[in-house]
**Student:** 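Pasting a structure below so you can have a look.
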Amino acid sequence: MVFQTFFFSLMLVMTSASNAFVERKTYIVHMDPTNVAALDLSLGGTKRWYESVLDSINKFSSHVEDEEGKETQEKEAPQLLYVYETAISGFSAKLSNKQADTLKNIDGFLYASDDDMLSLQTTHSPQFLGLHNGKGLWEAPSSASDVIIGVVDSGISPEHISFQDKNLPPVPARWKGACEQGTRFTVSNCNRKLIGARAFFKGYEAVAGRINETVDFRSARDSQGHGTHTASTAAGNVVAGASMLGVAKGTAGGMSFASRIAAYKVCWPAGCSSSDILAAIDQAVADGVDVLSLSLGSEGNRPYHSDNMAIAAFGAVQKGVFVSCSAGNSGPTQSTVGNTAPWIMTVAASYMDRGFPTTIKLGNGRVFKGASLYSGRPTNQLPLVYGDTAGGSGAEYCTEGSLSPALVKGKIVICDRGISDRVDKGLQVNSSGGAGMLLLNTADQREELIADAHVLPATSVGAAAAEAIKNYMIMAKKPTARIAFEGTRYGFPAPIMAAFSSRGPSSVVGDFIKPDVTAPGVNILAAWPPTTSPTVLRNDKRRVSFNVVSGTSMSCPHVSGLAALIKSVHRDWSPAAIKSALMTTAYAHNNHDAPIGDADSDSSESATPFAFGSGHVDAERAADPGLIYDIATEDYLEYLCSLNYTSSQMAILAEKNYSCPTNRVLDPGVLNYPSFAVLFGSGNASAIYQRTATNVGKASCRYVVGVSEPSGVGVSVEPGVLVFREVGEKISYKVTFVASGGKGVSGSFEFGSIVWVCGGYSVRSPIAVTWKK
Ligand SMILES: *[C@@H]1O[C@H](CO)[C@@H](O)[C@H](O)[C@H]1NC(C)=O
Ligand SMILES: *[C@@H]1O[C@H](CO)[C@@H](O)[C@H](O)[C@H]1NC(C)=O
Ligand SMILES: *[C@@H]1O[C@H](CO)[C@@H](O)[C@H](O)[C@H]1NC(C)=O
Ligand SMILES: *[C@@H]1O[C@H](CO)[C@@H](O)[C@H](O)[C@H]1NC(C)=O
Ligand SMILES: CC(=O)N[C@H]1CO[C@H](CO)[C@@H](O)[C@@H]1O
């Protein structure tokens with residue numbers, strides 16, 4: 001082959017001894033696009049070229065002698081899974097470790113990572129976000145119909161009423177996507193609402209084997225419910241009279257209900273593989289989506305140049321696509337936040353003012369509150385059983401087979417959270433003849449009250465009440481309880497941060513606050529496939545068309561939908577401008593004018609920006625923020641230079657040869673981010689950050705700064721007044737942070753904010769100061 005030497009350097013040196021075990025894995029290989037672009041495309045294009053690369057790898061690696069000098073023969077040739085060309089540059093392939101060892105000899109090779117498996121982070125919400133029928137952003141929904149939201153998830157249930165296309169104009173002419181055929185999915189499943197649907201499973205099947213078609217559809221059709229739920233939250237139709245078995249009754253509708261949806265299925269029963277996710281992002285950008293919604297978990301602690309999601313998201317953002325991701329469900333532990341790259345909108349989850357309260361009355365007269373989506377009649381005052389009064393080993397967790405029907409029949413069973421699924425515990429109690437269940441939080445889950453769709457009268461119980469109930473079990477001779485279900489109630493103090501919502505500070509870099517914002521993510525009503533039970537358990541035979549689910553997976557598509565709305569009224573705004581608008585107009589107080597609370601504590605302590613970022617998103621204010629902090633690709637690249645990335649690490653992200661400026665000192669503090677995070681060492685310290693505001697409000701406006709200083713830190717802003725005379729004008733200012741000695745305890749945080757005010761505009765950036773350990 002004549003062109004073989006072109007991509008394969010002549011000196012091939014095997015670095016490691018060949019392994020006796022031929023282990024085949026999927027590798028994601030990042031290539032320098034300049035080398036790839038230099039190809040003679042007459043050879044057949046990028047795909048053909050990568051095939052030849054793999055061919056050569058195969059030839060070479062199959063003629064290597066092992067340690068004993070014997071020639072070993074590779075049984076299997078490398079298998080090319082995907083070629084990435086739009087958001088990232090490179091390919092993924094299934095290779096033996098010996099074959100993988102030769103990758104670094106390919107001209108243009110930058111970096112290879114093992115494929116990994118990520119997981120999904122599992123009516124009233126529009127009103128809670130400030131959206132109202134016929135007003136403001138929802139006044140002229142037709143403008144939103146040109147905006148396309150790509151949902152990378154577990155697929156979609158295409159016949160659902162939420163995705164019907166009544167009254168929608170034709171598909172935007174620029175759309176290049178497709179409706180892919182597959183198991184129970186045809187071209188006719190797409191319409192003017194669901195304009196594209198694709199499935200990505202090569203990476204998944206390389207690890208998990210062929211998809212079992214009795215368990216999942218080998219197509220974009222959703223069997224898990226998650227993707228249908230997130231897509232309808234972002235852009236589902238407005239459906240009146242929606243409810244989940246009578247609970248949360250009302251109108252269900254996506255945030256940007258006039259926008260188009262394109263579904264990219266990457267999540268299968270055992271998870272979502274990175275190689276498939278990258279292929280989906282790459283394709284979605286090529287197809288022409290405006291917004292990408294990714295309710296997926298990624299490793300939170302990798303530097304950006306080795307975080308596949310961050311790399312692909314950067315490629316998308318460079319091409320003008322807004323990328324919204326879930327922050328993760330690993331809270332309330334500190335520094336658990338994922339998807340933290342500065343070009344990603346990282347979304348935390350909080351409660352709305354809607355709840356599903358229950359009342360638990362014990363035999364001693366004490367009353368506690370809980371939450372449940374069960375909507376039937378109250379139980380009678382019934383005997384309570386727990387642990388060895390309910391069954392054998394594992395009975396305290398109500399695991400399968402642990403409960404004794406003789407002991408639990410007709411009684412209320414207490415089950416601790418942990419080990420098995422919350423709703424499965426209820427199924428076990430029900431099938432053993434139990435009449436009800438109290439699902440107790442452990443100390444770890446604090447006062448988080450998740451409402452679940454239990455199959456029997458059952459309620460969740462917070463940690464403090466759980467302890468009181470267990471004490472009562474010990475003290476009382478004949479303990480009893482009664483559970484009553486109050487249905488859907490409104491007016492609770494909100495937002496409150498969900499305890500499960502992952503927390504900052506980011507463990508990758510500390511130059512800005514993560515997560516960025518919070519949005520509703522607890523007990524969210526949205527569309528559900530008619531073939532899937534609300535609990536996703538196989539032996540739950542109930543079927544619903546709307547379901548109530550919780551997670552940062554649910555808060556992320558709220559923000560994706562809002563970004564689409566803002567895009568529809570500000571066509572020319574960059575992803576960073578939309579992000580800035582959502583962040584600087586977010587609020588940090590609740591509906592009672594108190595600070596946002598935290599389900600992590602028993603309501604006395606308020607949450608911090610490391611839980612909610614800039615605050616809770618406010619749709620209408622975000623559409624008219626006054627000022628924005630814009631960030632161009634070049635600014636992100638200079639920021640990455642300030643992290644001292646090598647030239648090949650830079651090339652992975654830059655998608656081109658990029659030389660970091662050498663004529664000046666690069667300071668991470670100059671990234672034009674809409675929030676401030678400052679790291680101080682022990683003793684006195686200071687830092688100067690710079691920001692540039694662009695006027696997108698009234699032409700003539702005089703902004704005056706207001707500063708709320710973090711405890712122990714002096715903050716001065718220079719200049720303190722910004723006078724704008726025209727729209728589009730940019731003015732820079734400097735912020736100096738000076739720590740007064742001795743105040744900071746190592747590892748502690750202090751918070752404050754900077755607010756620019758002109759007339760009705762209020763442009764707020766939170767400040768977080770961390771004293772390093
Ligand atoms: C597919 O899944 C079904 C249901 O779990 C199981 O009975 C069947 O054996 C599986 N088939 C294969 C080929 O694994
Ligand atoms: C709960 O138990 C009742 C009575 O045994 C039974 O009829 C019902 O099917 C059970 N529900 C589920 C979801 O298993
Ligand atoms: C980058 O290198 C410079 C010069 O060696 C150093 O001062 C700076 O702290 C480094 N920055 C980071 C983020 O490691
Ligand atoms: C990119 O950089 C490499 C060395 O880092 C150099 O060999 C190559 O010529 C450069 N390509 C372009 C197009 O500038
Ligand atoms: C150790 C140190 O330099 N301490 C100084 C920190 O700053 C305060 C106020 O500026 C001074 O009073 C301390 O001497």
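Order of listing sets the numbers, starting from 1, for every ligand and every atom in it. Computation of the quantities below employed the complete heavy-atom set of this structure, encompassing side-chain atoms and omitting hydrogens, waters and symmetry-equivalent molecules. The model shown is predicted, which means the values in this text are computed figures rather than measured ones.
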**Student:** Centroid separation under 6.0 Å, is that true for the rings of Phe185 and Phe217?
**Tutor:**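 Centroid distance Phe217-Phe185: not below 6.0 Å, so no.
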
**Student:** Can you list the ligand 2 atoms lying under 4.0 Å from a non-hydrogen atom of Val455?
**Tutor:**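 Listed by number with element, the hits are 13 (C).
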
**Student:** In this structure, are over 12 heavy atoms from other groups packed under 6.0 Å from Glu400 atom CD?
**Tutor:**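 Check fails, neighbour count at 12 or below.
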
**Student:** Who's the nearest protein heavy-atom neighbour of atom 5 (O) of ligand 1, and how far?
**Tutor:** Val215 CG2, 4.0 Å

**Student:** Taking the six-membered ring where the residue is Trp, are the ring centres of His30 and Tyr111 under 6.0 Å apart?
**Tutor:** yes

**Student:** If you take the centroid of each ring, where Trp contributes its six-membered ring, are Phe485 and Phe356 closer together than 6.0 Å?
**Tutor:**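 Ring centres of Phe485 and Phe356 not closer than 6.0 Å.
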
**Student:** Measuring only between side-chain heavy atoms, which start at C-beta, is Val455 closer than 4.5 Å to Tyr374?
**Tutor:**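 Result no, sub-4.5 Å side-chain heavy-atom pair not found.
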
**Student:** Going by distance only, is there an N or O of Asn430 that falls short of 3.5 Å from an N or O of ligand 2?
**Tutor:** yes

**Student:** Short list, please: which atoms of ligand 2 are under 4.0 Å from a heavy atom of Leu427?
**Tutor:** 13 (C), 14 (O)

**Student:** Quick one: are Ile631 and Tyr639 in side-chain contact, heavy atoms under 4.5 Å?
**Tutor:**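 Heavy-atom side-chain distance check fails, nothing below 4.5 Å.
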
**Student:** Can you name the one residue among Tyr304, Tyr673, Phe512 that meets ring-ring contact (aromatic ring centres under 6.0 Å, His included) with Trp343?
**Tutor:** Tyr304

**Student:** Looking at Lys265 and Asp153, is there a salt bridge between them, counting it only when a charged N and a carboxylate O are closer than 4.0 Å?
**Tutor:** no

**Student:** Within a distance of under 4.0 Å, is there any protein heavy atom near atom 14 (O) of ligand 2?
**Tutor:** yes

**Student:** Relative to atom 1 (C) of ligand 1, which among Ile211, Asn212, Asp216 owns the nearest non-hydrogen atom?
**Tutor:** Asn212

**Student:** Determine, counting only non-hydrogen atoms of the protein, whether one lies under 4.0 angstrom from atom 7 (O) of ligand 2.
**Tutor:**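 Within 4.0 Å of atom 7 (O) of ligand 2, no protein heavy atoms are found.
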
**Student:** I need the atoms of ligand 3 closer than 4.0 Å to a non-hydrogen atom of Ser642, numbered in the order shown.
**Tutor:**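 Answer, ordered by atom number: 11 (N), 13 (C).
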
**Student:** Tell me the protein heavy atom at minimum distance from atom 11 (N) of ligand 3, and give that distance in Å.
**Tutor:**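 Answer for atom 11 (N) of ligand 3: Asn644 ND2, 3.0 Å.
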
**Student:** Which one holds for Leu456 and ligand 2: side chain close, backbone close, both close, or neither close, with close meaning a heavy atom under 4.0 Å?
**Tutor:** neither

**Student:** Considering only protein heavy atoms, which is closest to atom 4 (C) of ligand 1, and at what distance to one decimal place?
**Tutor:** Thr214 OG1, 3.8 Å

